[in-house]
Amino acid sequence: MTSRPKAVAILGATATGKSALALVLAPEFSGEIVSVDSRQIYRGMDIGTAKPTAAERAQVRHHLIDVADPDETWSLAQYQRAVHGALEEIVTRAKLPILVGGTGQHMRAVVEGWRPPPRDPAVRARLEEEARRLGPEAMAQRLADLDPDSAARIDPRNTRRVVRALEILETTGRPASAQRRSEAPPFDIMRVGLALPRDELYARIDDRIDRMIQAGLEEEVRGLLQRGFARSLPSMSAIGYGEIAAHLEGELSLEEAVERMRRATRRLVRTQANWFRSADASIAWFTPTPGYESGVVGFLHDALNAADASSADPL
């Protein structure tokens, strides 16, 4: 029996310290980091996506960062193929892939082998035109009427995701909430989760947003707009970019934009928590307190050794 290649996935809500932990684990396990973040793929979107710094990327090799321009659209299936390609490349060099990211749908597609529903460009184009004509509220209400489970999970202001859910329903005849086709991923993936009490997590989120503003998020967004990357692009729907763009275009004060960023990030945390609850049994949870990294290192040594032993030929 040939052992399957192994990988580690670091999961957790925004601002729990996943990237910092990955930088500790990589040298310990001869690892390389694969970003599973739907926005870190975009060049020029650095501060608002909490992208690893140039120094961090020099310290440990990272994959799937800065591989597209903000006006390029990557489907979930395309992203899944790119991640699998990165994993295969890493293991051919006898390195351990370490998956890190907060985009739950993208991480689920990788670690659970979830297969995205098919797309129909003609249906999508028609629904997008209806959204422009009727407005986001009407589309969100249509989704609530036709697929209330999906509507409960999707921010009604996120027209792109509302339209995608309606496209799935119309194309397949089944609601997006019922689309859970999967096949076992070709890797043994050890899952480590980071969790904090909600009030502590919210404090971290507030601090992170303040640091993003201080680091120049306003200037970063202004530069993207000046280069022609419009607010309507899917990439610019990332938390921070739409709000700051609205501020720069005179719709919001900076204080209002920051407050909207805080509220949107809290909604994201609640959405992430729903997925973690559904996958909880397969995740080894840790609280990121001082020195906790040694516990994670010990757990992974044991888990990786156990995976090697279970795949060994008994004969």
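All figures in this text were calculated on a predicted structure; none of them were measured in a lab. What's counted below: heavy atoms across the whole structure, side chains too, no hydrogens, waters or symmetry copies.
- Between His301 and Phe29, the angle of the ring planes lies from 30° to 60°, which puts this pair in the tilted group.
- Put simply, the side chain of Thr49 gets close to the backbone of Asp46: a donor and an acceptor are under 3.5 Å apart.
- One N or O on the side chain of Ser253 and one on the backbone of Glu256 form a donor-acceptor pair closer than 3.5 Å.
- One N or O on the side chain of Arg204 and one on the backbone of Ala15 form a donor-acceptor pair closer than 3.5 Å.
- In this structure the side chain of Met261 never reaches within 4.5 angstrom of the side chain of Ile205, judged on heavy atoms.
- Using a 4.5 Å heavy-atom threshold, the side chains of Leu25 and Ile10 count as touching.
- Of the possible donor and acceptor atoms, none in the side chain of Tyr241 sits under 3.5 Å from a partner among the backbone N and O of Ser235.
- Residues Leu146 and Pro175 are not in side-chain contact: their nearest non-hydrogen atoms beyond the backbone lie 4.5 Å or more apart.
- Note: Glu200 CD to Thr16 OG1 = 11.0 Å, rounded to the nearest 0.5 Å.
- Under 3.5 Å, the side chains of Arg160 and Ser232 contain no donor-acceptor pair of N or O atoms.
- At a threshold of 4.5 Å between non-hydrogen side-chain atoms, the residues Leu21 and Val192 count as touching.
- Atoms OH and CH2, on Tyr42 and Trp74 in that order, are 8.5 Å from each other to the nearest 0.5 Å.
- Using a 4.5 Å heavy-atom threshold, the side chains of Leu99 and Val8 count as separate.
- A continuous path of ILVMFWY side-chain contacts below 4.5 Å connects Val297 to Tyr292, so both sit in one hydrophobic cluster.
- Interatomic distance, Ile244 CD1 to Glu249 CD, rounded to the nearest 0.5 Å: 12.0 Å.
- For Ile90 against Glu32, the heavy-atom pair with the smallest separation is CG1-OE1, 3.5 Å.
- The two residues Ile154 and Ala165 make their nearest non-hydrogen contact at CD1-CB, 4.0 Å.
- Rounding to the nearest 0.5 Å gives a distance of 14.0 Å between CZ of Arg260 and CD1 of Ile209.
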Would Lys51 and Asp37 satisfy salt bridge (charged side-chain N to carboxylate O under 4.0 Å, His left out), going step by step from the backbone distance to the final call? CA-CA 9 Å; Lys51 195 175 291 180; Asp37 187 294; over 6 Å; no
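- Judged by distance alone, with hydrogens and angles left aside, the side-chain atoms of Asp155 form a donor-acceptor pair with the main-chain N or O of Arg157 at under 3.5 Å.
- For Pro70 against Leu233, the heavy-atom pair with the smallest separation is O-CD1, 3.7 Å.
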CA sep, side-chain torsions, deciding dist, call: Arg142, Glu130, side-chain contact (heavy atoms from CB on, under 4.5 Å): CA-CA 11 Å; Arg142 184 188 303 180; Glu130 290 180 19; 2.8 Å; yes
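- For the residue pair Arg39 and Ala238, the shortest heavy atom distance occurs at NE-CB, 3.3 Å.
- Residues Arg198 and Arg270 meet the side-chain proximity criterion, which asks for heavy atoms closer than 4.5 Å.
- Residues Val60 and Gly31 share a closest heavy-atom pair of CG1-O, 4.0 Å.
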Check the pair Val34, His84 against side-chain contact (heavy atoms from CB on, under 4.5 Å), reporting the backbone distance first and the verdict last. CA-CA 10 Å; Val34 180; His84 284 161; over 6 Å; no
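- Checked by atom type and distance alone, the side chain of Glu243 pairs as donor or acceptor with a backbone atom of Gly240 at under 3.5 Å.
- Salt bridge absent: Arg124 and Asp120 never bring a charged side-chain N and a carboxylate O closer than 4.0 Å.
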How far apart are the C-alpha atoms of Arg266 and Asp206, what are their side-chain angles, what is the distance that settles it, and do they pass the side-chain contact (heavy atoms from CB on, under 4.5 Å) test? CA-CA 10 Å; Arg266 284 165 171 70; Asp206 290 347; 3.2 Å; yes
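- Considering only heavy atoms from C-beta on, Leu143 stays 4.5 Å or farther from Arg164 through its side chain.
- Two residues are said to be in side-chain contact when any heavy atoms from C-beta on lie closer than 4.5 Å; Ile65 and Ile33 fail this criterion.
- In terms of hydrophobic clustering, with Ile, Leu, Val, Met, Phe, Trp and Tyr side chains grouped at heavy-atom distances under 4.5 Å, Val24 and Leu194 are assigned to different clusters.
- Using modelled atom types, one side-chain atom of Glu72 and one backbone atom of Asp69 make a donor-acceptor pair closer than 3.5 Å.
- Of the inter-residue distances, the one linking Ile98 atom CD1 with Ser19 atom OG reads 11.5 Å to the nearest 0.5 angstrom.
- A donor-acceptor pair is defined here as one N or O able to donate and one able to accept, closer than 3.5 Å; no such pair exists between the side chain of His63 and the backbone of Arg61.
- Taken together through direct or relayed side-chain contacts under 4.5 Å among Ile, Leu, Val, Met, Phe, Trp and Tyr, Leu252 and Val221 form parts of separate hydrophobic clusters.
- Taken to the nearest 0.5 Å, the CD1 atom of Ile41 stands 7.5 Å off from the CD atom of Gln78.
- Taking every heavy atom of both residues into account, Ile239 and Thr265 meet most closely at CG2-OG1, 3.6 Å.
- One N or O on the side chain of Thr172 and one on the backbone of Arg174 form a donor-acceptor pair closer than 3.5 Å.
- Glu220 contributes a side-chain N or O that, together with a main-chain N or O of Ile47, makes up a donor-acceptor pair within less than 3.5 Å.
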Given the rule in the side-chain contact (heavy atoms from CB on, under 4.5 Å) test, do Glu129 and Arg126 qualify, once you have shown the distances and angles that lead to the verdict? CA-CA 5 Å; Glu129 172 57 31; Arg126 175 171 52 75; 5.7 Å; no
